[in-house]
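Worksheet: one structure, shown below.
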Amino acid sequence: MKTVTLKELYGKDHLHELLDSSDHQQLTHGFELKLINNELFEGKLMKYHDDMVTVSFQEWKLHQPFLLRVNHQFPMIKVQFEIEGNSNFESVNNKSIVIPGNHYQFINIPKTNGYIAYNSSRKVLEFILRKIIYLNYLKLKVILKSIYESIFC
């Protein structure tokens, strides 16, 4: 199975660079779109980013299974919803997080160092927190409504 880095897959060295960058096509309600087509998959990344949270939706049509090498030296706090497909992370010290399709996982990892195996096409929705904070109800409601409309309408 081929192993690739974030740089090879998205053109960015680190996840925060991909999520913080604004080199994507602008959509409504503050969302941005990046289309991806390479030897591994064809897909899209839709994301919303502000000081507190990044919301991303990815849809991939996989051409071939692959391993993604991840190594982030900063804390990762997120909720990941695997709508279709799956995500199988294994750290270099053999700890794993497996999220099958139609499941979600709250993830809090101080440093991410390992590999994610992708074996099938997928749809995934992620809420990545910058800090442990409380979103006020109205802001959360607007964000969730925008996500719903962008994905399902």
Side-chain angles (χ1 to χ4, degrees), residues 1-27 30-133 135 143-144 146-148 150-152:
M1 189 178 311
K2 182 172 183 166
T3 300
V4 296
T5 64
L6 279 171
K7 177 91 171 178
E8 293 168 303
L9 203 58
Y10 293 110
K12 303 288 182 186
D13 287 318
H14 301 285
L15 182 63
H16 70 88
E17 292 173 354
L18 174 67
L19 298 175
D20 294 350
S21 70
S22 61
D23 58 349
H24 307 103
Q25 177 185 352
Q26 295 293 319
L27 297 176
F31 278 85
E32 299 176 10
L33 173 68
K34 180 179 180 90
L35 299 176
I36 303 155
N37 192 0
N38 57 44
E39 68 179 288
L40 301 171
F41 70 89
E42 178 181 340
K44 64 182 174 183
L45 163 64
M46 292 179 17
K47 69 178 179 96
Y48 168 86
H49 173 75
D50 68 18
D51 294 343
M52 299 182 291
V53 66
T54 297
V55 179
S56 74
F57 173 77
Q58 294 188 70
E59 185 172 357
W60 296 357
K61 180 181 176 191
L62 206 67
H63 300 309
Q64 66 181 19
F66 68 97
L67 292 173
L68 177 62
R69 175 70 172 109
V70 289
N71 188 1
H72 311 301
Q73 297 305 310
F74 54 89
M76 170 74 64
I77 302 169
K78 70 178 181 175
V79 179
Q80 181 172 328
F81 296 86
E82 282 292 329
I83 300 165
E84 293 178 11
N86 56 62
S87 175
N88 301 309
F89 170 78
E90 186 166 336
S91 70
V92 293
N93 52 356
N94 297 322
K95 295 185 180 180
S96 64
I97 300 171
V98 176
I99 310 171
N102 203 27
H103 286 77
Y104 72 94
Q105 180 73 43
F106 178 83
I107 300 169
N108 181 6
I109 303 175
K111 293 181 182 176
T112 306
N113 189 5
Y115 298 87
I116 306 173
Y118 296 111
N119 299 310
S120 64
S121 297
R122 68 192 290 249
K123 292 180 184 177
V124 61
L125 177 64
E126 295 177 309
F127 295 85
I128 303 168
L129 301 175
R130 293 287 178 238
K131 301 172 189 159
I132 297 178
I133 52 167
L135 295 175
I143 291 170
L144 293 175
S146 295
I147 294 167
Y148 178 83
S150 296
I151 295 171
F152 301 107

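For this chain, numbers begin at 1 and follow the sequence in order.
Rounded to the nearest 0.5 angstrom, K47 NZ and Q58 CD are separated by 11.0 Å. Note that CD of E32 is 11.0 Å distant from OH of Y48, once rounded to the nearest 0.5 Å. We find the CZ-OG distance between F127 and S56 to be 9.0 Å, quoted to the nearest 0.5 Å. Interatomic distance, S121 OG to N86 CG, rounded to the nearest 0.5 Å: 10.5 Å. Of the inter-residue distances, the one linking I116 atom CD1 with I97 atom CD1 reads 9.0 Å to the nearest 0.5 angstrom.
By the 30° and 60° cut-offs, the orientation of the rings of W60 relative to Y118 is perpendicular. Taking the six-membered ring where tryptophan is involved, the planes of F41 and F66 are essentially parallel, since the angle between them stays under 30° and well short of 60°.
Contact annotation: the side chain of K78 never approaches that of L129 to less than 4.5 Å [non-hydrogen atoms, C-beta and beyond]. Between L125 and V55 the shortest side-chain heavy-atom distance falls below 4.5 Å. Using a 4.5 Å heavy-atom threshold, the side chains of N71 and V92 count as separate. Using a 4.5 Å cut-off on side-chain heavy atoms (C-beta onward), H63 and N37 make contact. Contact annotation: the side chain of S96 never approaches that of N88 to less than 4.5 Å [non-hydrogen atoms, C-beta and beyond].
For the pair I77 and N108, the tightest heavy-atom approach, listed with the atom from each and the gap, is CG1-OD1, 3.6 Å. Taking all atoms of both residues into account, the shortest heavy-atom contact from L62 to S120 is CD2-N, 3.2 Å. In this structure, T3 and E8 approach most closely via the heavy-atom pair O-OE1, 4.2 Å.
Every residue was checked against the side chain to side chain donor-acceptor pair (under 3.5 Å) condition with N94, not counting sequence neighbours, and none meets it.
The 12-atom threshold is exceeded at CZ of F81, counting heavy atoms of other residues, nucleotides or ligands nearer than 6.0 Å.
Ion pairing between a basic and an acidic side chain is recognised when a charged N comes within 4.0 Å of a carboxylate O; E59 and K44 show such pairing.
With hydrogens and angles ignored, the 3.5 Å screen pairs a side-chain donor or acceptor of R69 with a backbone N or O of G114.
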Check against side chain to side chain contact (heavy atoms under 4.5 Å, CB included), I107 and I99
CA-CA 11 Å; I107 300 169; I99 310 171; 4.1 Å; yes

I'd like to know whether E39 forms a side chain to side chain contact (heavy atoms under 4.5 Å, CB included) with V4, so could you lay out the CA-CA distance, the side-chain angles of the two residues, the decisive distance to 0.1 Å, and finally the verdict.
CA-CA 11 Å; E39 68 179 288; V4 296; over 6 Å; no

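Screening K123, R122, E126, H103 for a side chain to side chain contact (heavy atoms under 4.5 Å, CB included) with E82, the sole residue that qualifies is R122.
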